[in-house]
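Just so you know, these numbers use all the heavy atoms, side chains as well, and skip hydrogens, waters and symmetry mates. The chain is numbered in sequence order, starting from 1. Source: prediction; values computed, not measured.
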Amino acid sequence: MFTAEALGGFPGSLLTTRIAARLGERRAMCASVVVSGLPWLLALPFFRADGRHAVACVLQGLGWAAFMTFRIDSVALRQRLAPAPLLGRVTATFRFVVWGCMPPGAPVGGPVGQYAGVRTALWAGAIGELLAVVPRWVAVRGRGTLDI
């Protein structure tokens, strides 16, 4: 699965500049999250111990191809907006918050997977991915812009 994601991420990284130029960096980031979530959602029924797993791998790879725009543009945006003397602190704070969510998430995700089933946990994660941009869209809805 990680190999499929890496194989998808590489061409996605090559397309990031073109996508951001066409949509604008911030719009491209939001679109990337939504577009990457769709193949991940579609992959869930194919996670089986047979040939369907290959389809899930391809869909995971496509999701990562789309998600690379968010990953790359978010770092570039942060580097542009943060004053140079504070860039290390800003980066460390983002990593702390993003990676810091993983340890508390494990005790939540583990029981969900154990008691509700692994598929339920995967569905919850995929739907959560799609819903991740909703607060951003709600915040800019009245302004008609994606300025931060």
Side-chain angles (χ1 to χ4, degrees), residues 1-47 52-110 112-113 116 118-148:
M1 191 55 61
F2 289 129
T3 302
E5 292 171 352
L7 289 173
F10 179 68
S13 68
L14 298 176
L15 295 171
T16 295
T17 304
R18 291 182 192 170
I19 293 168
R22 184 170 190 130
L23 298 177
E25 188 174 61
R26 294 171 180 128
R27 288 183 198 274
M29 288 169 55
C30 285
S32 172
V33 172
V34 172
V35 171
S36 66
L38 294 174
W40 291 337
L41 256 178
L42 293 172
L44 291 177
F46 295 100
F47 283 111
R52 293 176 284 184
H53 188 72
V55 175
C57 287
V58 169
L59 290 167
Q60 284 289 117
L62 290 172
W64 271 98
F67 194 62
M68 289 310 293
T69 298
F70 175 81
R71 292 185 59 130
I72 293 169
D73 284 348
S74 65
V75 171
L77 180 66
R78 189 166 55 241
Q79 288 174 340
R80 248 190 344 275
L81 293 177
L86 298 177
L87 184 57
R89 293 178 195 165
V90 169
T91 300
T93 301
F94 269 86
R95 286 189 176 193
F96 176 79
V97 170
V98 171
W99 293 358
C101 291
M102 293 177 194
V108 172
V112 169
V118 173
R119 294 202 180 283
T120 301
L122 289 170
W123 279 105
I127 291 168
E129 168 78 19
L130 288 173
L131 295 176
V133 295
V134 170
R136 180 75 184 125
W137 281 343
V138 168
V140 299
R141 188 170 180 206
R143 294 183 296 171
T145 179
L146 285 176
D147 291 337
I148 288 179

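Looking at Trp123 and Pro45, their side chains come closer than 4.5 Å, going by heavy atoms from C-beta outward.
Side-chain atoms of Arg119 come within 3.5 Å of backbone N or O of Leu44 as a donor-acceptor pair. Checking side-chain atoms of Ser74 against main-chain N and O of Arg71 turns up a donor-acceptor pair under 3.5 Å. Although no hydrogens or angles enter the test, the distance criterion places no donor-acceptor pair under 3.5 Å between the side chain of Arg26 and the main chain of Leu77. In terms of modelled atom types and a separation under 3.5 Å, the side chain of Thr69 and the main chain of Thr16 share no donor-acceptor contact.
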>> Is there a side-chain contact (heavy atoms from CB on, under 4.5 Å) between Leu59 and Trp40? Walk through the geometry before answering.
In response: CA-CA 6 Å; Leu59 290 167; Trp40 291 337; over 6 Å; no

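Note: Ser32 OG to Ile19 CD1 = 7.5 Å, rounded to the nearest 0.5 Å. For the atom pair OG1 (Thr17) and CD1 (Ile72), the distance works out to 7.5 Å, reported to the nearest 0.5 Å. Rounded to the nearest 0.5 angstrom, Thr91 OG1 and Arg89 CZ are separated by 12.0 Å. The CZ atom of Phe46 sits 12.5 Å away from atom NE2 of His53, with the distance rounded to the nearest 0.5 Å.
When the shell of 6.0 Å around CZ of Arg22 is examined, it contains 12 or fewer heavy atoms from other residues, nucleotides or ligands.
Closest of all the heavy-atom pairs between Leu122 and Phe47 is CD1-CD1, 4.5 Å. Nearest heavy-atom pair across Ala20 and Ala28 is CA-CB, 3.9 Å.
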